[in-house]
Number of protein chains: 2
Amino acid sequence: MTRTSLARYPCPLARAADLVGDKWALLILRDALAGVRRFSDFKTRLGASTNILTERLNHLVEAGILHRKPVRPGVQRVEYHLSEKGMSLVHALLALWQWGERWTFEEGKSPVTVQARDTGEKLGPLQLQTVSGRPLSITDIEMVPTEAAPAITHQSYAALKAQKA
Amino acid sequence: MTRTSLARYPCPLARAADLVGDKWALLILRDALAGVRRFSDFKTRLGASTNILTERLNHLVEAGILHRKPVRPGVQRVEYHLSEKGMSLVHALLALWQWGERWTFEEGKSPVTVQARDTGEKLGPLQLQTVSGRPLSITDIEMVPTEAAPAITHQSYAALKAQKA
DNA sequence: CAGTATCCTCGCAGATACTG
DNA sequence: CAGTATCTGCGAGGATACTG
């Protein structure tokens, strides 16, 4: 069998994972959010070889997360800009970042590099809330495979495929 | 060269990506957060083969994200429970989930499965804030490679390695 | 049920040379 | 500088058989 693609899974997380659920994509997005635009800058910062970087950038462009823009009109040099879709990954990256700070370093040993643009104040943890704005703690929520959305598993996906075949 | 590990990178995001930055880990955690505990349940829901699942579960256990617990004392059957470290990945998963809902489905076509435990109300978007609690929007923040933390790149990591060698 | 133990394949990544 | 084009190979991931 070939490696399974999650792109057409009925689960939002699976689909997201299919697009950005790998190490290089996450690091590229980290740098893109930090303002990196150019191929060579990504290359030196990431230390990936050219072909890898090319491939990963193209994936992200195909996914509509990055856009290629000529540096100036009529020039073949391009820059990679985050689309709105790409920008809105900031919550996910930030959550991972904060988790990494908390759990993969000794206390206080982690670099601090995400801050408010105006005052430079450090970011606090992401806050959960309901659609109506009521704040929630972690223990207040649950992930429910509902009747309306049973299709979050491979199991149900397999059933779907079988139907069509 | 062998495939680069990000485990010892000085960047929190890189380290987080090293532990949970792959598709299977994300899906396992999704199910774990939904209450799945048993090997066979993971297996049928994910549709991964036994060896893959075993390996991935072991990685997560080694990383301290999951714990193996005997179902009952003196029995060899085990369950996989989320540790506190694992639980606190909920923000990252949720962010990815919400991003997937918004960007990988046609409008309104996505399953709704994360909700408040008490009222069943759907979750709203994660909120950014400073450590002092001041709310922020996406455009209010920036990722800054500071002098105190220049070491978030492969570049600087390579320099570090070179020093030691 | 909860995994080990094997075997196999091909995708991903690494290195490097070359082009506009 | 910004890639494309090739070559190479490790190892993740897949299938299946077998064990306590």
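Just so it is clear: chains get the letters A, B, ... in the order the sequence lines come, proteins before strands, and each one is counted from 1.
- B:A14 approaches B:L6 most closely through the heavy-atom pair O-CB, 3.5 Å.
- Taking atom CZ of residue A:F39 and atom P of nucleotide C:dG20, one finds them 17 Å apart after rounding to whole Å.
- The side-chain tip of B:R38 does not point at the ring of B:Y80 from less than 6.0 angstrom away and within 45° of straight on.
- The backbone N or O of B:I65 lies less than 3.5 Å from a partner atom in the side chain of B:S83, making a donor-acceptor pair.
- Scanning residues 53-64 of chain A for heavy-atom distances under 4.0 Å to DNA chain D yields A:T54.
- The residue B:Y80 sits close only to the backbone: its heavy atoms come under 4.0 Å of sugar-phosphate atoms, none of a base.
- Between the P atom of D:dG3 and the CG atom of A:L66 lies a distance of 12 Å, rounded to the nearest Å.
- B:D140 and B:S137 are linked by a side-chain donor-acceptor pair at a separation below 3.5 angstrom, with hydrogens and angles left out of the test.
- The phosphate of D:dG14 has neither OP1 nor OP2 within less than 4.0 Å of any side-chain N or O from A:R3.
- Nucleotide D:dC1 holds its C1' atom 5 Å from the CZ atom of A:R77, rounded to whole Å.
- If you measure from atom CD1 of A:I52 to atom P of D:dC7, you get 17 Å, rounded to the nearest angstrom.
- Put simply, the side chain of A:R68 never gets that close to the backbone of A:V61: no donor and acceptor are under 3.5 Å apart.
- Of the side-chain N and O atoms in A:R38, one or more sit less than 4.0 angstrom from OP1 or OP2 of D:dA2.
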Checklist line | Steps toward side-chain contact (heavy atoms from CB on, under 4.5 Å) verdict (A:L46, A:L53) | finding: CA-CA 9 Å; A:L46 299 178; A:L53 183 57; 4.1 Å; yes
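- Distance from the side chain of B:S40 is smallest for C:dC1 among the nucleotides D:dG13, C:dC1, C:dG3.
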Are any protein N/O atoms closer than 3.5 Å to N/O atoms in nucleotides 16-18 of chain D? If there are, list each pair with its distance.
unit_1: D:dT16; atom_1: O4; unit_2: B:T50; atom_2: OG1; d: 3.2

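- Atom-to-atom, CD1 of A:I28 to P of D:dG3 comes out at 12 Å; the value is rounded to the nearest Å.
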side-chain contact (heavy atoms from CB on, under 4.5 Å) assessment of A:L126 paired with A:H91 = CA-CA 8 Å; A:L126 289 164; A:H91 296 93; 4.2 Å; yes
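- When the local axes at the two ends of the helix from C:dC1-D:dG20 to C:dG20-D:dC1 are compared, using 5 base pairs at each end, they differ in direction by 50° after rounding to 10°.
- Using a 4.0 Å cut-off, no side-chain N or O of A:W24 falls inside it from OP1 or OP2 of C:dG11.
- For the OP1/OP2 pair of D:dG3 and a distance below 4.0 Å, the side-chain nitrogens and oxygens of A:R68 include at least one atom meeting the criterion.
- Of the charged side-chain nitrogens involved, none lies within less than 4.0 Å of a carboxylate oxygen, so that B:R8 and B:D18 do not count as a salt-bridged pair.
- At least one donor-acceptor pair under 3.5 Å links the side chain of A:K85 to the backbone N or O of A:A63.
- Between the side chains of B:R117 and A:T139, no donor N or O sits under 3.5 Å from an acceptor N or O.
- Protein atom CG of A:D22 is 16 Å distant from nucleotide atom C1' of D:dG11, rounded to whole Å.
- Of all heavy-atom pairs spanning A:A32 and A:F42, the tightest one is N-CE2, 3.9 Å.
- The distance from atom NZ of B:K23 to atom C1' of C:dG11 is 11 Å, rounded to the nearest whole Å.
- Heavy-atom neighbours of A:E84 CD from other residues, nucleotides or ligands within 6.0 Å: at or below the threshold of 12.
- In this structure, CG of B:L46 is placed 13 Å from P of D:dG13, rounded to the nearest angstrom.
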